[in-house]
Amino acid sequence: MNIILLGPPGAGKGTQARILADRFGLVHLSTGDMLRASQAAGTAVGLEVRDIMARGDLVTDDIVIRLIEEEFDKGASIAGAVFDGFPRTLGQADALGMMLERRGDRLDAVIEMRVDDEALIARVTGRFTCASCGEVYHERTRRPKVDGVCDKCGGTRFVRRDDDNERAMRHRLYTYYRDTAPLIGYYYAKGLLRSIDGLGEIEEVAARIAAALPKAEARP
Ligand code: AMP
């Protein structure tokens, strides 16, 4: 099963993608995570994209398409994948369609997560993650149970993304509406789009997503 999670920055795509990947045995493919890993590793791509990402602009289609192709070459398409933050342009959507087709595979659903803009800004500006396992927390709505200790892995170092500030976030939203929102119509026309309310508790949203997936694919 191949699923795209589509939605503005801060909609909770990463959190829900992890849940879906666990539940359905899918590979979680996040181009944002891959690009941040390239930066952390100091690769040429990482250096090239650092300022673009910090501003909240999109990196070129070529770069992200290559990252996804590399994952496919490792065999990611066999189990199926949940795409998080990819595709973000019509060019990327076309490229993904062709990559899947070449492998005799297809997309099963595109889940659009809807959240209003002010809620997104509030979410993203309080967000921080565990440096060891990537678990996501929030200053106001989801602090670790024991202050300073990750609930999931016990890690004690937390990080914030360079682009999780109000200025970059407003620009990321602008970029989303300009470049990515046209994918809503693109996938609607293909009969793949399912829109869900992305506001609410993590488990509530996960249940809405599960209910929106093609029925034959869901496992108990
Ligand atoms: P994300 O973690 O998905 O919010 O992505 C963080 C940043 O990485 C974005 O603001 C872009 O600068 C870049 N990025 C991630 N995925 C893509 C993509 N599919 N196309 C272009 N840029 C991307």
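Atoms within each ligand, like the ligands themselves, are counted from 1 in listed order. The analysis underlying the following values was restricted to heavy atoms, covering all of them including side chains, and did not include hydrogens, waters or symmetry mates. Here, residue 1 is the first one in the sequence, and each next residue gets the next number.
In terms of protein heavy atoms, atom 18 (C) of ligand 1 is closest to Arg88 CD, 3.4 Å. In terms of protein heavy-atom proximity, atom 8 (O) of ligand 1 is nearest to Met53 CE, 3.3 Å. Protein heavy atom at the shortest distance from atom 22 (N) of ligand 1 is Val59 N, 3.2 Å.
Between Leu35 and ligand 1, a contact under 3.5 Å exists for no N or O pair. Where the criterion is an N or O separation shorter than 3.5 Å, residue side chain and backbone included, Arg161 meets it with respect to ligand 1. Checking only distances, Gly85 does come within under 3.5 Å of ligand 1, N or O to N or O.
Atoms of ligand 1 lying under 4.0 Å from at least one heavy atom of Arg36, given by number and element, are 2 (O), 6 (C). Close approach of ligand 1 to Gln92 (heavy-atom distance below 4.0 Å) involves ligand atoms 18 (C), 19 (N), 20 (N), 21 (C). Against a heavy-atom cut-off of under 4.0 Å, Thr31 is close to the following atoms of ligand 1: 15 (C), 16 (N), 17 (C), 18 (C), 19 (N). Taking a cut-off of under 4.0 Å to the non-hydrogen atoms of Arg172, the atoms of ligand 1 that pass are 4 (O). Close approach of ligand 1 to Asp57 is summarised as follows: ligand atoms under 4.0 Å from at least one heavy atom of the residue are 11 (C), 12 (O).
Ion pairing between a basic and an acidic side chain is recognised when a charged N comes within 4.0 Å of a carboxylate O; Asp73 and Arg103 show such pairing. Between Lys74 and Glu71 there is a salt bridge, since at least one side-chain N of the basic residue sits less than 4.0 Å from a carboxylate O of the acidic one. Using a 4.0 Å cut-off between charged nitrogen and carboxylate oxygen, Arg102 and Glu69 count as a salt-bridge pair. Using a 4.0 Å cut-off between charged nitrogen and carboxylate oxygen, Asp197 and Arg114 do not count as a salt-bridge pair.
Using a 3.5 Å distance cut-off with no hydrogens or angles, the side chains of Asp57 and Tyr174 do not pair a donor with an acceptor. Side-chain contact of Thr89 with Asp61: a donor-acceptor pair under 3.5 Å is present, judged by distance alone.
Closest approach of Pro8 and Lys13 over heavy atoms only: O-NZ, 3.2 Å.
For the pair Lys190 and Tyr186, the cation-pi test (distance below 6.0 Å, angle within 45°) is passed.
Heavy atoms of Arg55 come nearer than 4.0 angstrom to ligand 1 in no pair at all. Using a 4.0 angstrom heavy-atom cutoff, Lys13 does not count as in contact with ligand 1.
Rounded to the nearest 0.5 Å, atoms CD1 (Ile111) and CG (Leu193) are 8.0 Å apart.
Contacts with ligand 1 closer than 4.0 Å are made by heavy atoms of both the backbone and the side chain of Leu58.
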